[in-house]
Amino acid sequence: MELWVSIDILEGRVVRLIKGDLGNMLVYSNNPAYVASQLASTEIDGIHVVDIDAALNRGDNMEVLKEIVMSAKGKAVQVGGGLRTRERVEKVFRIGVDRIVIGTILFKNRELVKELIRDYGPERLVAALDFNSEGIVYEGWSMASLMRVEEGFRLVDDLSLKYILMTSVERDGTLEGPDLRFFEKIPVERRGSIFASGGITTPREVKMLSSIGYRGVVLGRAYYEKLAPIKDYIKAAKGVASAS
């Protein structure tokens with residue numbers, strides 16, 4: 001299983017929002033590029049970057065994204081947040097990003113999604129099916145799609161997208177552990193294309209998600225607060241640790 005670490009950017013800083021709430025924010029660094037260079041020296045599979053300002057229509061952090069890509073030193077980088085126009089998508093790809101994460105346009109502009117798949121290929125787009133108890137949410141988690149997860153899967157199939165990122169909004173940034181009950185309900189044949197995110201805290205949880213067939217996980221707060229050495233999470237993802 002792949003292990004990715006998230007760099008969430010707000011006003012040029014590395015932050016974590018508890019359950020996506022701007023009023024409940026933790027700041028970890030004023031230097032995202034340095035964080036990226038540290039991650040590049042590890043054996044993680046990639047760096048997952050979220051431009052929170054862009055996701056919330058508050059501007060963007062394009063210059064910071066450029067610095068992160070340069071500092072990643074060849075480590076795979078995927079970017080999400082506010083990718084709702086062709087112009088912005090093209091800018092992000094031009095700076096050397098490997099993949100983009102799309103959410104809002106899945107629900108509001110499917111023709112654009114089809115164009116992007118045609119021009120960049122389905123392997124360079126990740127469908128964000130972020131969820132809470134009501135179903136799938138988008139636009140910086142501020143809007144409910146009125147779509148159940150099963151319908152989201154059908155949409156991904158219809159668009160021939162290859163990868164899915166599923167973040168539990170109610171667990172994100174909480175260190176309460178992933179929503180294992182939810183993830184265990186996902187059909188086994190789906191799991192090989194899904195990256196799980198939200199609340200992941202221990203190597204044991206990573207190992208559990210690996211053992212039931214998920215393609216990858218995205219680690220956030222647990223990395224920044226050093227709840228376990230990053231090598232333990234990596235070993236758990238690869239199935240070679242007695243994870244604790």
Side-chain angles (χ1 to χ4, degrees), residues 1-9 13-17 26 28-29 31-52 61 64-81 92 95-101 123-126 128 130 162-168 171-173 175 177-178 183 191-244:
M1 185 175 72
E2 297 178 24
L3 183 83
W4 292 61
V5 174
S6 183
I7 300 179
D8 293 6
I9 309 299
R13 300 173 296 172
V14 179
V15 306
R16 293 297 295 174
L17 303 183
L26 302 166
Y28 290 109
S29 174
N31 191 341
Y34 176 70
V35 174
S37 69
Q38 288 183 307
L39 288 170
S41 68
T42 72
E43 295 182 6
I44 67 169
D45 293 282
I47 301 171
H48 172 78
V49 185
V50 182
D51 188 336
I52 297 174
N61 292 276
V64 176
L65 297 181
K66 290 179 184 177
E67 294 173 0
I68 288 173
V69 171
M70 291 176 61
S71 300
K73 302 171 186 174
K75 188 75 72 178
V77 176
Q78 66 182 23
V79 171
V92 169
I95 65 174
V97 166
D98 297 280
R99 293 198 305 236
I100 62 168
V101 180
E123 69 282 350
R124 299 194 72 188
L125 280 74
V126 181
D130 302 328
K162 188 172 182 180
Y163 303 118
I164 301 170
L165 172 65
M166 302 196 74
T167 301
S168 171
R171 299 292 183 101
D172 199 52
L175 296 180
F183 285 118
R191 298 174 189 172
S193 64
I194 296 175
F195 293 83
S197 177
I200 297 170
T201 304
T202 66
R204 183 182 297 276
E205 293 161 357
V206 172
K207 188 174 184 179
M208 188 175 299
L209 288 163
S210 174
S211 70
I212 61 175
Y214 278 87
R215 182 178 188 88
V217 294
V218 180
L219 206 62
R221 188 175 168 187
Y223 168 75
Y224 293 102
E225 299 192 8
K226 297 180 170 56
L227 299 186
I230 189 64
K231 65 181 181 181
D232 288 357
Y233 292 101
I234 294 167
K235 288 178 180 178
K238 305 308 177 186
V240 293
S242 53
S244 60

Response to the item:
When every non-hydrogen atom of Glu123 is compared with those of Lys162, the smallest separation belongs to CB-CD, 4.0 Å
Discussion item. Can you give me the closest heavy-atom contact between Gln78 and Val97, atom names plus distance?
Written reply: CA-CG1, 4.2 Å
Fill in: Nearest-0.5 Å distance, CD of residue Glu67 to CD1 of residue Ile95
10.0 Å
Worksheet item: Within a strict 4.5 Å, meaning less than it, do heavy atoms of the Ile9 and Val14 side chains meet?
Response: yes
Worksheet item: Are the side chains of Leu209 and Ile200 in touch, meaning some heavy atoms are under 4.5 Å apart?
Response: yes
Discussion item. Just verifying a value: how many Å separate Tyr34 OH and Ile68 CD1, rounded to the nearest 0.5 Å?
Written reply: 14.5 Å
Worksheet entry | For the student: nearest non-hydrogen atoms of Ile7 and Pro32, plus distance | CD1-O, 4.2 Å
Worksheet item: Are the side chain of Lys235 and the backbone of Pro203 linked by a donor-acceptor contact shorter than 3.5 Å?
Response: no
Worksheet entry | Note, Met166 side chain near Phe183 side chain (heavy atom, < 4.5 Å) | yes
Item to complete: Taking all non-hydrogen atoms of both residues into account, name the closest pair between Leu165 and Ser197 and its distance.
Response: CD1-CB, 4.0 Å
Discussion item. Would the distance check show the side chain of Lys238 and the main-chain N or O of Met1 forming a donor-acceptor pair, the cut-off being under 3.5 Å?
Written reply: yes
Practice prompt. Please step through salt bridge (charged side-chain N to carboxylate O under 4.0 Å, His left out) for the pair Asp98 and Lys75, ending with a clear verdict.
Written response: CA-CA 9 Å; Asp98 297 280; Lys75 188 75 72 178; over 6 Å; no
Discussion item. Is the shortest side-chain heavy-atom distance between Glu205 and Val217 below 4.5 Å?
Written reply: no
Worksheet item: For the atom pair CD1 (Ile52) and CG (Asp8), what is the distance rounded to the nearest 0.5 Å?
Response: 4.5 Å
Worksheet entry | Tyr233 side chain to Thr201 backbone, donor-acceptor under 3.5 Å | yes
Worksheet item: So Leu175 and Leu227, side-chain contact (heavy atoms from CB on, under 4.5 Å) or not? Walk me through it.
Response: CA-CA 10 Å; Leu175 296 180; Leu227 299 186; 3.7 Å; yes
Discussion item. Could you tell me if the side chain of Val35 sits less than 4.5 Å from the side chain of Tyr28, heavy atoms only?
Written reply: no
Discussion item. Using side-chain heavy atoms (C-beta onward) and a distance below 4.5 Å, is Asn61 in contact with Val49?
Written reply: no
Discussion item. Looking at every heavy atom in both Ile47 and Trp4, which two are closest together, and how far apart are they?
Written reply: N-CE3, 3.4 Å
Worksheet entry | Separation of Met208 CE from Ser211 OG (nearest 0.5 Å) | 6.5 Å
Worksheet item: Does NZ or CZ of Arg215 come closer than 6.0 Å to the centre of the six-membered ring of Tyr163, within 45° of the ring's axis?
Response: no
Worksheet entry | Close side-chain approach of Val5 and Ile230, heavy atoms under 4.5 Å | yes
Worksheet item: Can you tell me how far CG of Asn31 sits from OG of Ser37, rounded to the nearest 0.5 angstrom?
Response: 7.5 Å
Worksheet item: Would you find a donor on one side and an acceptor on the other, under 3.5 Å apart, between the side chain of Arg171 and the backbone of Gly177?
Response: yes
Worksheet item: Is the side chain of Arg99 donor-acceptor paired with the backbone N or O of Val126 at a distance under 3.5 Å, no angle test?
Response: no
Worksheet item: Say you draw a straight line from CD1 of Ile44 to CG of Leu39; how long is it, rounded to the nearest 0.5 Å?
Response: 4.5 Å
Discussion item. Looking at every heavy atom in both Asp172 and Thr167, which two are closest together, and how far apart are they?
Written reply: OD1-CG2, 3.8 Å
Discussion item. Between Arg221 and Gly173 (side chain of the first, backbone of the second, donor and acceptor by atom type, cut-off under 3.5 Å), is there such a pair?
Written reply: yes
